[in-house]
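First the proteins, then the strands, lettered A, B, ... as listed; each starts at 1. Quick caveat: nothing in here was measured; it's all calculated off a predicted structure.
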Amino acid sequence: MKLITWNVNSLRTRLDRVLGLLDRHRPDVLCLQETKMVDADFPRTELESKGYHCAFWGQRAYNGVAVLSRESPQQVEASFDGNPVPDAARVLGVTVDGWRIINLYVVNGQSIDSDKYALKLNWLEVFARWLHARHDPTQPLILAGDFNIAPSDRDVYDPTVWKGKLLCSEPERKWLCGLQQWGLADLLRVNEADKQVFSWWDYRYGAFARNLGLRIDLILATQPVASRCTSVVVDRDERKAKSGPGKPSDHAPVIATFEHP
DNA sequence: ATGGTTGGTCGCCAA
């Protein structure tokens with residue numbers, strides 16, 4: 001079983017690259033964020049022709065999440081109870097082969113002095129409350145997506161510059177610790193305790209060429225899933241996008257592989 | 001290094 005999460009920053013612009021990713025990796029599940037398109041425009045024909053079922057929840061211009069899977073998804077559920085911004089398409093849950101998979105595009109927050117940061121913290125709190133009420137950490141569960149939080153200083157190219165800033169602030173990191181205490185492991189850190197791995201590089205400042213990155217795209221899982229995880233890697237070549245059609249997203253795909261359940 | 005790029009949409013906003 002192979003699962004990939006990728007913030008594509010517009011599925012319309014990135015479709016040919018998504019099709020290439022499916023050919024290259026043949027994942028069982030692909031979680032996409034920032035599709036930025038309404039459901040009527042979703043390119044399901046092209047994706048189904050690659051052998052994938054499509055679950056999606058989009059909106060105009062912003063946000064948008066989708067889960068592609070080789071097996072038909074069951075119990076598709078958009079959003080979560082009490083969502084403070086119920087119209088923002090950011091959460092999509094599916095069940096595939098008995099594993100519950102929740103695709104997340106967490107509120108960015110803009111900057112820590114912004115009202116949007118307060119909204120982010122509230123959104124996170126309500127989401128966690130719903131997760132705890134409605135899910136069981138002893139059962140197979142995966143949370144994958146763009147968390148817009150770098151879990152620790154190991155996940156930041158220059159922790160001094162980023163100390164206390166958006167994506168690295170203590171309240172954001174505490175929220176992730178809470179998920180971990182509930183029973184979700186950060187799969188990349190199960191086998192790679194100290195390795196510096198990034199998943200997002202700003203389009204500006206030549207950030208990718210200088211490797212000024214953060215790891216904010218995460219795959220978390222409960223113990224029955226985490227114990228079967230054999231690797232987590234980032235497809236940096238996709239962020240380079242030297243080959244293939246079009247330009248890169250500012251995020252790279254994160255790829256987790258599991259022993260057969 | 002507080003610079004500047006990309007996408008959606010069409011003057012800016014969001015990331």
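Atom-to-atom, CG of D250(A) to P of dT5(B) comes out at 14 Å; the value is rounded to the nearest Å. With rounding to whole Å, R60(A) atom CZ is found 14 Å from dA14(B) atom C1'. Following rounding to the nearest Å, Q59(A) (CD) and dG7(B) (P) show an atom-to-atom distance of 19 Å. Counting to the nearest Å, the C1' atom of dA1(B) and the CH2 atom of W201(A) are 20 Å from each other. With rounding to whole Å, R90(A) atom CZ is found 10 Å from dA15(B) atom C1'. Distance, K36(A) NZ to dC10(B) P: 14 Å, rounded to whole Å. As a whole-Å value, the separation of W200(A) CH2 from dT6(B) P is 14 Å. Rounded to whole Å, the distance from CG on L212(A) to P on dG3(B) is 16 Å.
Under the 30°/60° scheme for interplanar angles, the aromatic rings of F42(A) and F56(A) are found to lie parallel. W130(A) and F80(A) have tilted rings, their planes meeting at an angle from 30° to 60° on a 0 to 90° scale. Classification of the W99(A)-F258(A) ring pair by plane angle, with boundaries at 30° and 60°, yields perpendicular.
Comparing H251(A) and R12(A) along DNA chain B, the residue whose closest nucleotide (by nearest heavy atom) sits nearer the 5' end is R12(A). Take the nearest nucleotide of DNA chain B for N63(A) and for D202(A): the residue whose nucleotide is more 5' is D202(A).
A donor atom on one side chain and an acceptor atom on the other are not found under 3.5 Å apart for T230(A) and E259(A).
A close approach under 4.0 Å does occur between a side-chain nitrogen or oxygen of R14(A) and OP1 or OP2 of dG7(B).
When distances are taken from the side chain of N108(A) to each of dA15(B), dT2(B), dG7(B), the shortest belongs to dA15(B). The nucleotide whose nearest atom lies closest to any side-chain atom of Y62(A) is, among dA15(B), dC13(B), dT2(B), dC13(B). Distance from the side chain of K165(A) is smallest to dT2(B) among dT2(B), dA15(B), dT6(B). Nearest to the side-chain atoms of E34(A) among the listed nucleotides dT2(B), dA15(B), dT5(B) stands dA15(B). The side chain of Y105(A) sits closest to dA15(B) out of dG7(B), dA15(B), dA14(B).
Within 4.0 Å (heavy atoms only), R210(A) reaches at least one base atom of the nucleic acid. If you check every strand for non-hydrogen atoms under 4.0 Å, F208(A) touches nothing.
Only the P atoms considered, dG3(B) is 24 Å distant from dG7(B), to the nearest whole Å. If you take atom P in dC12(B) and the same atom in dA1(B), they sit 34 Å apart, rounded to whole Å.
A donor-acceptor pair under 3.5 Å is absent between the side-chain atoms of R236(A) and the main chain of P253(A), judged by distance alone.
The aromatic ring of Y205(A) stacks onto the base of dG3(B), its centre lying under 5.5 Å from the centre of the six-membered base ring with the two planes under 30° apart.
For the pair R70(A) and Y52(A), the distance from NZ or CZ to the six-membered ring centre is under 6.0 Å and the angle to the ring normal is within 45 degrees.
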